[in-house]
Number of protein chains: 2
Amino acid sequence: MKEREIDELVRGRLSERNIRYTAGRKALIKAVQLAGGPQSAAEIHKQVRRSVPISSLYRSLAILEAAGVLSLHQGKVARFELAEWLTGHHHHVLCIECGTVDDIELDEASEELLKRLAAEAGGQAGYEESGHRLEIEGLCRRCR
Amino acid sequence: MKEREIDELVRGRLSERNIRYTAGRKALIKAVQLAGGPQSAAEIHKQVRRSVPISSLYRSLAILEAAGVLSLHQGKVARFELAEWLTGHHHHVLCIECGTVDDIELDEASEELLKRLAAEAGGQAGYEESGHRLEIEGLCRRCR
DNA sequence: TTCCTTGCAAACGATTTGCATTGGA
DNA sequence: TCCAATGCAAATCGTTTGCAAGGAA
C-alpha cells in the first residue's frame, strides 16, 4: 500500500473519532511506514525531531494506538524465562485482556511443520534461519 | 523437568563460571520456574520480596541471563508498527547479528496452515485464539 | 583473605503528566 | 468559538549504579 492511500485511511479513521490528523502525526505515521519493521519511540523520534517534541511524540503514539492505527509489537517491560536447555523448546500464548503469558508445547508433528515453514520463509527473505517462535494471542479462560 | 533437576543444572552452570548460587537466586529461579511463562521483574519480585531486595533482583536477573540460565523473552522498549488493516497480515524475520527486523508475508498455503495450527494450539491451552505471529530468527544476507 | 554478593540510597533514562498556549474544524 | 493538540518543565516509574558491609570459598 502506498503512502497516499495509508494517509487517507488514517485520516478517515481519525476523523471518525474526532482526533486530528496534524502535521506532526502525519510525519510520525510516515516514519513508521517507511521503516519496514516495528519502531521504538526513540527511533521514530530520530526521524521527526525537528517537527515533533518528545512529549507530543509519546502522546500521539498512545492516541494512535488507542485508535487502532498503530499496534504495539512489544511492550516495555522486560520478561524473563528459563533458557530452553532447561525448559525444552516451547511457544507462548498471550491473553490480550490481562497480559498473562503461558508456555505451550506443540505436538511433534506441528512443531516439525512449523520448523520447516520457518526455515523456508526465512530462506525466501534471504535469512539463514536459526530459530523461530510462535506467539498466539487470544482471551484466556479467566477473561472470557 | 522437576525443580530439583533444574536446581542442579543451574548450580553446575553457575559454578563453572564462578557465580554463586545463593539463596536469593535460588528463590528467583524457583519463582520463574513455577510461573509457567515469562515473568517481569515486578512479578518475580512479588514472589520473593521478603528475601530479595529489588536491586539485587535486577542484578541477579542480568547475571543469570548473561550466564545463559535465563533468557529475555522481550526487551524493555516498546515498539510500534502500523496496524494490520493498513499493512496486511504479516510476520517478522529478525537478524540475530545486527538486529534488523523485516516484515514478511507467507504464501497463502503456509498462512492457512499456521492459522489453523495457532487456533488449535491456543484452544488446547484454554485460549480463544484471535491472532498469531511468527518470529523467525536468523542471519540476514549482509551478516552472512 | 579474597572476591562475589548484598542492601540501601542516589542516579538515570524512558515515559507520563500539569498547565498554559496554540491552532484546526 | 470550542476543544483537541502542543510544548515546556516537573513528576513518575522502572532500572541501574556507587559504595560500604556481609558472606562464601
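Every chain is numbered from 1 and lettered A, B, ... according to where its sequence line falls, protein lines coming before strand lines. Below, each value reflects all heavy atoms present in this structure, side chains not excepted, and no hydrogens, waters or symmetry copies.
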Value in whole Å for how far the [atom2] atom of [N] lies from [atom1] of [X]:
{"X": "Arg59(A)", "N": "dT17(C)", "atom1": "CZ", "atom2": "P", "result": "9 Å"}
{"X": "Ile54(B)", "N": "dA10(C)", "atom1": "CD1", "atom2": "C1'", "result": "16 Å"}
{"X": "Ile44(B)", "N": "dG14(D)", "atom1": "CD1", "atom2": "C1'", "result": "14 Å"}
{"X": "Ile63(B)", "N": "dT17(D)", "atom1": "CD1", "atom2": "P", "result": "12 Å"}
{"X": "Leu14(A)", "N": "dG24(C)", "atom1": "CG", "atom2": "P", "result": "16 Å"}
{"X": "Leu57(B)", "N": "dG14(D)", "atom1": "CG", "atom2": "C1'", "result": "12 Å"}
{"X": "His45(B)", "N": "dC13(D)", "atom1": "NE2", "atom2": "P", "result": "16 Å"}
{"X": "Arg50(A)", "N": "dG7(D)", "atom1": "CZ", "atom2": "C1'", "result": "17 Å"}

Sequence neighbours left out, what passes ring pair (Phe, Tyr, Trp, His ring centres under 6.0 Å) with His90(A)? Give chain and number order.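 His90(A) satisfies ring pair (Phe, Tyr, Trp, His ring centres under 6.0 Å) with His92(A) once adjacent residues are dropped.
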Does anything in residues 115-144 of chain B form a ring pair (Phe, Tyr, Trp, His ring centres under 6.0 Å)? List the pairs, not counting sequence neighbours.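 Output for this query lists His89(B)-His132(B), His91(B)-His132(B).
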Does a nitrogen or oxygen in the side chain of Ser56(B) sit under 4.0 Å from OP1 or OP2 of dG7(C)?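 Yes, Ser56(B) has a side-chain N/O under 4.0 Å of OP1/OP2 on dG7(C).
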Are Ser60(A) and dT6(D) close enough that a side-chain N or O sits under 4.0 Å from OP1 or OP2?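 So the side-chain polar atoms of Ser60(A) do come within 4.0 Å of the phosphate oxygens OP1 or OP2 of dT6(D), strictly under.
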Considering only heavy atoms, which members of residues 19-29 of chain A lie under 4.0 Å from some atom of DNA chain D?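 By residue number: Ile19(A), Arg20(A), Thr22(A), Arg25(A).
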May I have all residue pairs that pass salt bridge (charged side-chain N to carboxylate O under 4.0 Å, His left out) and include part of residues 121-143 of chain B, sequence neighbours excluded?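 Those involving residues 121-143 of chain B are Arg133(A)-Glu137(B), Glu137(A)-Arg133(B), Arg144(A)-Glu128(B).
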Could you list all the salt bridge (charged side-chain N to carboxylate O under 4.0 Å, His left out) pairs where at least one residue sits in residues 95-112 of chain B, not counting sequence neighbours?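 Of all non-adjacent pairs touching residues 95-112 of chain B, those that pass salt bridge (charged side-chain N to carboxylate O under 4.0 Å, His left out) are Glu112(B)-Arg116(B).
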Which other residues end up in the same hydrophobic cluster as Val101(A), if Ile, Leu, Val, Met, Phe, Trp and Tyr are linked when side-chain heavy atoms come under 4.5 Å apart?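 Once heavy-atom contacts under 4.5 Å are chained together, Val101(A) belongs with Leu94(A).
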Which other residues belong to the hydrophobic cluster containing Ile96(A), where Ile, Leu, Val, Met, Phe, Trp and Tyr are joined when side-chain heavy atoms lie under 4.5 Å apart, directly or via other members?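 For the cluster that includes Ile96(A), the remaining residues are Leu139(A).
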Would you list the atom pairs, donor with acceptor, under 3.5 Å between side chains in residues 43-51 of chain B and any protein atom, with sequence neighbours excluded?
| from | atom 1 | to | atom 2 | distance (Å) |
| --- | --- | --- | --- | --- |
| Glu43(B) | OE1 | Arg79(A) | NH2 | 3.0 |
| Glu43(B) | OE1 | Ser40(B) | N | 2.8 |
| Glu43(B) | OE1 | Ser40(B) | OG | 3.3 |
| Glu43(B) | OE2 | Arg79(A) | NH2 | 2.9 |
| His45(B) | NE2 | Val52(B) | O | 3.2 |
| Ser51(B) | OG | Val48(B) | O | 3.3 |

Could you tell me whether Ala42(B) contacts a base, only the sugar-phosphate backbone, or nothing, with contacts defined as non-hydrogen atoms closer than 4.0 Å?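 Contact class for Ala42(B): none.
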Hey, is Arg13(A) close enough to Glu16(A) for a salt bridge, meaning N to O under 4.0 Å?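 Salt bridge between Arg13(A) and Glu16(A), a charged N being under 4.0 Å from a carboxylate O: no.
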Distances for protein N/O vs nucleotides 11-14 of chain C N/O pairs under 3.5 angstrom?
none

Please determine whether side-chain contact (heavy atoms from CB on, under 4.5 Å) holds for the pair Leu14(A) and Ile63(A), giving the CA-CA distance in whole Å, both sets of side-chain angles, and the decisive distance to 0.1 Å. CA-CA 10 Å; Leu14(A) 294 184; Ile63(A) 286 169; 5.7 Å; no
